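Take a look at the structure below.
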Amino acid sequence: MKSMSLGTPILLLLIVIFAHSLEVEAQSCKPSGKIRGIKPPPGQCNQDNDSDCCVQGKLYPTYRCSPSVSSNTKAVLTLNGFEKGQDGGSPSECDNQYHSDDTPVVALSTGWYNRGGRCLSNITISANGRSVNAMVVDECDSTMGCDKDHDYQPPCANNIVDASRAVWKALGVPEDNWGEMDITWSDACKPSGKIKGIKPPPGQCNQDNDSDCCVQGKLYPTYRCSPSVSTNTKAVLTLNGFEKDQDGGSPSECDNHYHSDDTPVVALSTGWYNRGGRCLNNITITANGRSVNAMVVDECDSTMGCDKDHDYQPPCANNIVDASRAVWKALGVPKDNWGELDITWSDA
């Protein structure tokens, strides 16, 4: 390892702190700026569902972030129309489609929308003693507003779940009370489909580290999501080789490099990998009375498998931290027990 001067680690620490402060789902979320309201041109602000129109000269806070997501994330439920000509405005951002009032769909504040990371995934909304699953189809923009593109409405607050009428109905809220309501929500992670296994061609499935090979005709569930991340996210630790010609297959997705077995690195299930959002960041893994920091370098694909690109291995489960030998060693797990282990992890 190269030696570093005292100033180098301090500089790196400052960079990490700065980057972390910009996380869209932040522990502390403060306004990023303000927008001055302008009076909408006549007929240019749709006030269906009691939507607000911008007020001339009023200052509206903007946000690039939202509160951290947990298994019971506090939020404000609002009412939105996702049909053409309603107050939702343009087609939904996720799929460029309009959606019926009878379909449980939502738009999320910018931080929770997470640059489309939750698009077409379900969230579970709880209030009034009931729960309902709704699909994320749009962003409730917390960064911009008071212009034609936003129907001359103010920026969203950073804690909004903007929901169709179907959501309000499913929660059993009397129609006279529709408008705003305190709720909790969490990511709802269900299989997105299934893949039918095929028999690998001879020598085409690397079974180093006891890796599984696809079985002809077996159905394997796929996932676009993973459970919500908290300070103690439950997961299953598995063993992977990140060196060339090992069961990890191709170079790591994050940096297009192979990595030594002696380096604590991991691949995360698709939802946690977050379209590369955790690439080259560290996570803290805890088990067996010990903790270790490991760098995220790859995706453990939960959406595809049983093909040449995936070494004829099944799709990953949605709760996997696929780790190098260095991680298992650091956790003090006897080598005979390497393979699968219940752990918790968090962003470091």
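Note: hydrogens, waters and symmetry copies are ignored here, and every other heavy atom, side chains too, is used. Remember, predicted model here, so these are calculated numbers, not experimental data.
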Inset, instruction - Measure across Pro104 and Val132 and return the closest heavy-atom pair with its distance rounded to 0.1 Å. - result: CB-CG2, 4.5 Å

Inset, instruction - Could you pull out the closest heavy-atom pair between Ser92 and His99, with the gap in Å? - result: OG-CD2, 3.3 Å

Legend entry - Distance-minimising heavy-atom pair for Glu299 and Glu253: N-CB, 4.4 Å

Inset, instruction - Examine distances only and state if a side-chain atom of Ser70 and a backbone atom of Asn72 form a donor-acceptor pair shorter than 3.5 Å. - result: yes

Legend entry - Under 3.5 Å donor-acceptor, Asn274 side chain and Gly276 backbone: no

Inset, instruction - Test Asp182 against Lys74 for salt bridge (Lys or Arg N to Asp or Glu O under 4.0 Å), laying out the working first. - result: CA-CA 7 Å; Asp182 291 335; Lys74 293 181 179 179; over 6 Å; no

Inset, instruction - Kindly say whether Thr303 contributes a backbone atom to a donor-acceptor pair with the side chain of Asp301 at under 3.5 angstrom? - result: yes

Legend entry - Check: Ser302 side chain, Ala317 main-chain N or O, donor-acceptor pair, under 3.5 Å: yes

Inset, instruction - Take Arg325 and Asp262, measure what salt bridge (Lys or Arg N to Asp or Glu O under 4.0 Å) needs, and give me the verdict at the end. - result: CA-CA 7 Å; Arg325 298 184 181 201; Asp262 298 323; over 6 Å; no

Inset, instruction - Determine whether the side chains of Asp95 and Gln97 contain a donor N or O and an acceptor N or O closer than 3.5 Å. - result: no

Legend entry - Least distance between heavy atoms, Asn158 atom then Cys29 atom: ND2-SG, 3.2 Å

Inset, instruction - Identify which one of Ser121, Ser269, Cys189 satisfies the side chain to side chain contact (heavy atoms under 4.5 Å, CB included) criterion when paired with Tyr223. - result: Cys189

Inset, instruction - Check the pair Cys205 / Cys214 against disulfide bond (SG atoms under 2.5 Å apart), numbers first and verdict last. - result: CA-CA 9 Å; Cys205 180; Cys214 291; over 6 Å; no

Legend entry - Distance-only donor-acceptor check, side chains Thr124 and Ser131, under 3.5 Å: no

Inset, instruction - Report, as yes or no, whether the 6.0 Å neighbourhood of atom CD on Glu340 holds more than 12 heavy atoms from other residues, nucleotides or ligands. - result: no

Legend entry - NZ/NE/NH1/NH2 to OD/OE distance under 4.0 Å, Asp342 and Lys234: no

